[in-house]
Amino acid sequence: MPELPEVETIKRELETALIGKKIVDVLLNNPRIVRGISPGALKQGVKGAVIRAIIRKAKSLILELSNGRALFIHLKMTGQLVYPGTGQNSRVSFVFSGDDILDFNDQRLFAELRLLKDWRSFKFIQKLGLEPFEVPFTGFKKLIAGKKTKIKPLLMDQACIAGIGNLYAAEILFRAKIHPERKAYSLTDGEIKVLFNEIGCVLRKAIACGGSSVDTYVRLSGKRGEYIRYHKVYGREGLPCCVCKTPITRNIVGGRGTYFCRKCQT
DNA sequence: AATGGGACCTGCGCGC
DNA sequence: TGCGCGCAGGTCCCAT
């Protein structure tokens, strides 16, 4: 959290709100989220620049500026972008020429804000695999086939497929009826096909809902993402499975809390 | 090489 | 009541 659907939601809202706006000031309230450059240098590097384009790469955002540079934003777990903001309780805020403000909040200081000369050559971007909507079924099959890894950590491996995190991996595997600890190589062609389809269905629906507001995620406007009403397993430990009424299990898989139905998912 | 675990952080909720 | 602990998870880094 936030994963591909949440970041895509914010990306679309940022486009509407910020394209063509000029940054006139940067408020460095708690600039520990600024990485790879001093906060002061970041401020000087963006002042006077106009936002030209907003790009999403997996769970990260890139704001292309008129001066040829780009702001790189990764919200990690608790990062929020809020517009219009107040500049008051943020880590960093951007002030635009109409005096409107974009707040970058982050409770846990895991989030990242960078100023890049060439975002395409940034190491994090380069290591990302293709996104779910960019992979044809034949390509997806190659990513899964023969891998010794458990299927859930593989779905969350950003170098394999970029954009799926802990929450959507759980929801996708429930709908595909696949146990999260199945070895990738053990999946049948039929299961891979169902998995591929469910990735598309779940992510498309989640984007249409504006993401899932669990923990601190909110949309740019501060509104909640409503996909949470479609969650079948995530955060539902002990509650009855919506299909078979077996209590939902929570195990640690690949170091992460993992929700599934031990009867429906095999 | 692949995999697992800890670190990074903070706030919240739970149990004693 | 209040304190301390566990937990949340995206990514990096190190050890095996």
Side-chain angles (χ1 to χ4, degrees), chain A residues 1-11 29-36 39 56-62 72-81 89-92 103-114 116 119 122-129 131-132 142-173 180-186 202-203 206 211-218 224-225 227-228 231 233-239 248-260:
Chain A
M1 273 291 302
E3 306 177 26
L4 187 153
E6 287 75 27
V7 182
E8 177 64 20
T9 298
I10 295 171
K11 181 243 176 189
N29 298 330
N30 186 341
R32 282 169 70 187
I33 60 170
V34 177
R35 311 290 165 88
R56 181 188 57 72
K57 284 289 168 187
K59 304 169 190 172
S60 63
L61 287 164
I62 294 122
F72 171 89
I73 292 172
H74 199 306
L75 300 171
K76 300 283 180 82
M77 269 84 72
T78 56
Q80 295 177 332
L81 294 177
N89 296 305
S90 65
R91 301 302 183 179
V92 172
D103 284 339
F104 191 159
N105 304 323
D106 184 34
Q107 182 183 90
R108 288 163 66 184
L109 297 168
F110 281 6
E112 286 186 23
L113 176 61
R114 295 173 183 269
L116 303 177
W119 66 264
F122 183 48
K123 193 177 158 195
F124 175 84
I125 298 285
Q126 292 220 314
K127 285 197 305 186
L128 293 173
E131 304 217 353
K142 279 181 200 157
L143 292 174
I144 302 294
K147 294 273 169 57
K148 294 179 203 166
T149 321
K150 292 170 182 173
I151 187 62
K152 178 167 176 271
L154 187 61
L155 286 180
M156 294 168 62
D157 179 353
Q158 302 301 296
C160 177
I161 316 169
I164 299 171
N166 199 42
L167 188 160
Y168 291 104
E171 294 299 320
I172 288 162
L173 288 170
E181 298 191 79
R182 280 277 295 283
K183 302 276 189 165
Y185 62 72
S186 77
V202 168
L203 295 183
S212 301
S213 277
V214 299
D215 205 2
T216 60
Y217 166 74
V218 288
R224 297 169 52 78
Y227 188 72
I228 196 165
H231 289 185
V233 288
Y234 186 84
R236 301 193 71 248
E237 183 183 14
L239 296 173
I248 297 300
T249 304
R250 179 184 176 276
N251 276 354
I252 302 296
V253 179
R256 295 294 167 221
T258 298
Y259 300 90
F260 63 100

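Protein chains get the first letters and strands the later ones, always in sequence-line order, with residue 1 at the start of each.
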Separation of [N] [atom2] from [X] [atom1] (nearest whole Å):
{"X": "A:Tyr217", "N": "C:dG9", "atom1": "OH", "atom2": "P", "answer": "17 Å"}
{"X": "A:Asp157", "N": "C:dT11", "atom1": "CG", "atom2": "P", "answer": "10 Å"}
{"X": "A:Leu4", "N": "C:dG10", "atom1": "CG", "atom2": "P", "answer": "12 Å"}
{"X": "A:Arg108", "N": "C:dC7", "atom1": "CZ", "atom2": "P", "answer": "13 Å"}
{"X": "A:Gln158", "N": "C:dC12", "atom1": "CD", "atom2": "C1'", "answer": "13 Å"}
{"X": "A:Asn30", "N": "B:dT10", "atom1": "CG", "atom2": "P", "answer": "9 Å"}
{"X": "A:Lys147", "N": "B:dT3", "atom1": "NZ", "atom2": "C1'", "answer": "14 Å"}
{"X": "A:Arg236", "N": "C:dA8", "atom1": "CZ", "atom2": "P", "answer": "17 Å"}

Examine [N]: is either OP1 or OP2 under 4.0 Å from a nitrogen or oxygen in the side chain of [X]? Give yes or no.
{"X": "A:Lys127", "N": "C:dC12", "answer": "yes"}
{"X": "A:Lys76", "N": "C:dA8", "answer": "no"}
{"X": "A:Tyr234", "N": "C:dG9", "answer": "yes"}
{"X": "A:Thr78", "N": "B:dG11", "answer": "no"}
{"X": "A:Arg32", "N": "B:dC9", "answer": "yes"}

Task: Those residues that, when tested against A:Glu237, pass side-chain contact (heavy atoms from CB on, under 4.5 Å) (two or more places apart) - done: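 Here the qualifying residues are A:Arg250, A:Tyr259.
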
Task: Distance-only side-chain donor-acceptor flag, A:Tyr217 / A:Glu3, under 3.5 Å - done: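 Side chains of A:Tyr217 and A:Glu3: no pair found under 3.5 Å.
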
Task: Nearest-angstrom distance, P atom, C:dT11 to B:dC12 - done: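 Their P atoms lie roughly 24 Å apart.
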
Task: C:dC14 versus B:dC9 - spacing of their P atoms, nearest Å - done: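 One P to the other, the span is 16 Å.
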
- [ ] Take A:Glu112 and A:Met77, find for each the nucleotide of DNA chain C with the closest heavy atom, and name the residue whose nucleotide sits nearer the 5' end.
- [x]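 Going by which nucleotide is closer to the 5' end, it is A:Met77.
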
Open item on the list: Checking contacts here: which listed nucleotide (C:dG9, C:dC12, B:dC9) is nearest the side-chain heavy atoms of A:Asn166?
Closed with: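 For the A:Asn166 side chain, the nearest candidate turns out to be C:dG9.
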
TODO: Kindly point out which of C:dT11, B:dT3, C:dA8 is positioned nearest to the side chain of A:His74?
DONE: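 Ranking C:dT11, B:dT3, C:dA8 by closest atom to the A:His74 side chain puts C:dT11 first.
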
- [ ] For A:Phe110 and B:dC8, say yes or no: do the ring centres fall under 5.5 Å of each other while the ring planes differ by less than 30°?
- [x]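 The base of B:dC8 is stacked with A:Phe110 (centres under 5.5 Å, planes under 30°).
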
TODO: Check whether more than 12 heavy atoms from other residues, nucleotides or ligands sit under 6.0 Å from atom CG of A:Asn29, and answer yes or no.
DONE: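 Yes.
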
Task: Within-4.5 Å side-chain heavy-atom neighbours: A:Asn251 and A:Glu181 - done: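 The answer is yes; the side chains approach within 4.5 Å.
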
Open item on the list: I'd like to know if A:Arg256 reaches the base of B:dT3 with its side chain such that a donor and an acceptor end up less than 3.5 angstrom apart.
Closed with: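 Donor-acceptor pair under 3.5 Å: no.
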
Open item on the list: Both A:Lys150 and A:Arg91 contact DNA chain B. Which one's nearest nucleotide lies toward the 5' end?
Closed with: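 On the 5' side of the pair lies A:Lys150.
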
- [ ] Both distances under 3.5 Å, Watson-Crick or G-U wobble: report the partner of C:dT1, or none.
- [x]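 Looking at the geometry, C:dT1 pairs with no nucleotide.
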
Open item on the list: Applying side chain to side chain contact (heavy atoms under 4.5 Å, CB included) to A:His231 and A:Val214, what does each step give before you reach the verdict?
Closed with: CA-CA 11 Å; A:His231 289 185; A:Val214 299; 4.1 Å; yes

- [ ] Could you tell me whether A:Arg35 contacts a base, only the sugar-phosphate backbone, or nothing, with contacts defined as non-hydrogen atoms closer than 4.0 Å?
- [x]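 Since no nucleic acid heavy atom lies under 4.0 Å of A:Arg35, the category is nothing.
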
TODO: Check A:Asp106, A:Asp103, A:Leu61 against A:Leu81 for a side-chain contact (heavy atoms from CB on, under 4.5 Å) and give me the one that passes.
DONE: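 One option only clears the test, and that one is A:Leu61.
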
